[in-house]
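A, B, ... follow the sequence lines: proteins, then strands. Residue 1 opens every chain.
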There are 2 protein chains.
Amino acid sequence: MDHQPIDLDSLTPGAWKILDVASALFYEYGIYSVGVDTIATEAGVTKPILYKNFGNKDGLIAAYLQNRHRRWWPRLEEAIAASPAPRALAVFDVYMEDAKTMTRGCAYLNAAAELATDHPAYPLIRHHKHVVCERLRQLIEEDLPQIEDPQRLADHLFLLAEGAFAHHRIYGGSLLAEARQIAQKLLSP
Amino acid sequence: MDHQPIDLDSLTPGAWKILDVASALFYEYGIYSVGVDTIATEAGVTKPILYKNFGNKDGLIAAYLQNRHRRWWPRLEEAIAASPAPRALAVFDVYMEDAKTMTRGCAYLNAAAELATDHPAYPLIRHHKHVVCERLRQLIEEDLPQIEDPQRLADHLFLLAEGAFAHHRIYGGSLLAEARQIAQKLLSP
DNA sequence: GAAGAGATATACAGACCTGTAAACCTGTGG
DNA sequence: CCACAGGTTTACAGGTCTGTATATCTCTTC
């Protein structure tokens with residue numbers, strides 16, 4: 001029925017329950033390792049209800065990534081608002097906070113690895129990572145106007161954070177904390 | 001039958017054909033998106049032959065990651081041997097060379113995202129990434145003995161390279177080249 | 001040439017996948 | 001009380017997955 005992109009604002013409570021359950025399972029076990037049957041059962045609904053709300057599994061995957069971004073972005077902005085200069089470090093703070101509970105690494109990098117690059121939800125992944133890098137550049141421009149090439153420094157910090165988050169799944173170690181320390185040094189004049 | 005880890009040195013030519021086909025398909029479409037039926041057909045063998053050689057799909061996955069490392073590592077060492085100091089940049093050179101053909105990003109990060117962390121092949125992923133980082137530290141220690149904390153610089157370069165390679169799948173852009181430039185600056189005193 | 005051993009192919013089991021058609025149940029208007 | 005409409009559930013279609021039991025075929029040995 002609903003093959004349009006899902007509008008998160010017009011989801012019913014029942015649909016949110018499905019999305020929440022799907023999100024947890026997708027993240028924990030991987031998108032293609034979780035069947036819609038499992039999701040529906042865990043959410044306490046039947047399969048046609050799921051399909052009525054999300055069209056098909058791809059719609060649910062898209063809603064998963066979209067909703068994750070919508071919940072995460074305000075947390076980043078809050079951390080930025082509460083952070084002393086250089087506020088770019090707030091990105092690392094949020095990633096470290098995330099890492100405490102997200103033992104499977106970055107949901108977007110995981111999804112990127114699983115989904116085909118022409119999957120309808122792939123642009124959501126690109127967008128999520130793009131705006132993070134963009135925000136880093138803005139923060140650098142505002143907090144450290146003396147920096148010559150803010151885009152390059154933003155990319156530098158972005159790669160540190162992403163590399164550390166990607167490997168958090170593999171090692172689960174303290175690479176994120178180390179990345180933050182390195183970033184701190186890069187941002188101090 | 002063969003539930004032991006696969007010994008790459010005792011594979012028959014037919015088994016190598018299977019492994020090569022599986023490797024290409026695993027990398028291109030993702031491990032769990034490719035069925036053993038497809039692999040067997042593409043390799044020109046029947047399924048029982050595949051199972052006779054690799055025990056089960058997990059054995060084939062393990063052989064895939066193992067073999068990839070065995071073929072890649074000598075390429076890294078060659079690049080290191082041919083590189084002027086600081087030779088740590090050779091890692092970026094190989095990654096950039098890889099990126100020309102590997103449009104799906106890093107095979108190990110992709111596998112890490114797909115496989116459960118307790119999958120029998122997961123240690124192969126950890127090992128591959130670990131030795132790369134380790135090698136970076138050695139190269140820094142040898143080429144730049146004045147560096148105070150070579151482990152930290154190695155981690156720094158490693159995160160740059162891994163972040164860039166991870167995002168090569170998402171953007172396909174020039175992040176690896178930029179990461180190399182950043183690394184070059186970090187290595188110049 | 002016959003008999004047996006080992007490799008190969010056929011065919012299938014049993015589970016799980018996405019997605020849907022049709023039966024059913026509930027609540028509303030006449 | 002009855003007809004009708006909307007949402008819900010049951011049941012299933014059709015396909016794909018991993019893994020294997022059984023039959024066939026080939027090749028060696030006597």
> In residues 28-50 of chain B, which residues come under 4.0 Å of DNA chain C by heavy atom?
Replying inline: B:Thr46, B:Pro48, B:Ile49
Length of the [atom1]-[atom2] vector between [X] and [N], whole Å:
X	N	atom1	atom2	value
B:Asn56	D:dG19	CG	P	5 Å
A:Tyr51	C:dT20	OH	C1'	9 Å
A:Leu60	C:dG19	CG	P	11 Å
A:Asn53	C:dT20	CG	P	15 Å

>> Tell me if a side-chain donor or acceptor on A:Arg169 pairs with a main-chain N or O of A:Arg104 at a distance below 3.5 Å.
In response: yes
> Closest to the A:Lys57 side chain: D:dT18, C:dT18, C:dA7?
Replying inline: C:dT18
>> Within the 3.5 Å criterion, strictly below it, is a donor on B:Tyr95 or B:Glu162 matched to an acceptor on the partner's side chain?
In response: yes
> How close do B:Cys133 and B:Gln151 get, heavy atom to heavy atom, and via which atoms?
Replying inline: SG-NE2, 4.3 Å
> Who pairs with B:Lys57 by side chain to side chain donor-acceptor pair (under 3.5 Å), at least two apart in sequence or on another chain?
Replying inline: none
> A:Trp72 and A:His128: aromatic ring centres closer than 6.0 Å?
Replying inline: yes
> Taking the six-membered ring for Trp, are B:His156 and A:His156 ring centroids under 6.0 Å apart?
Replying inline: yes
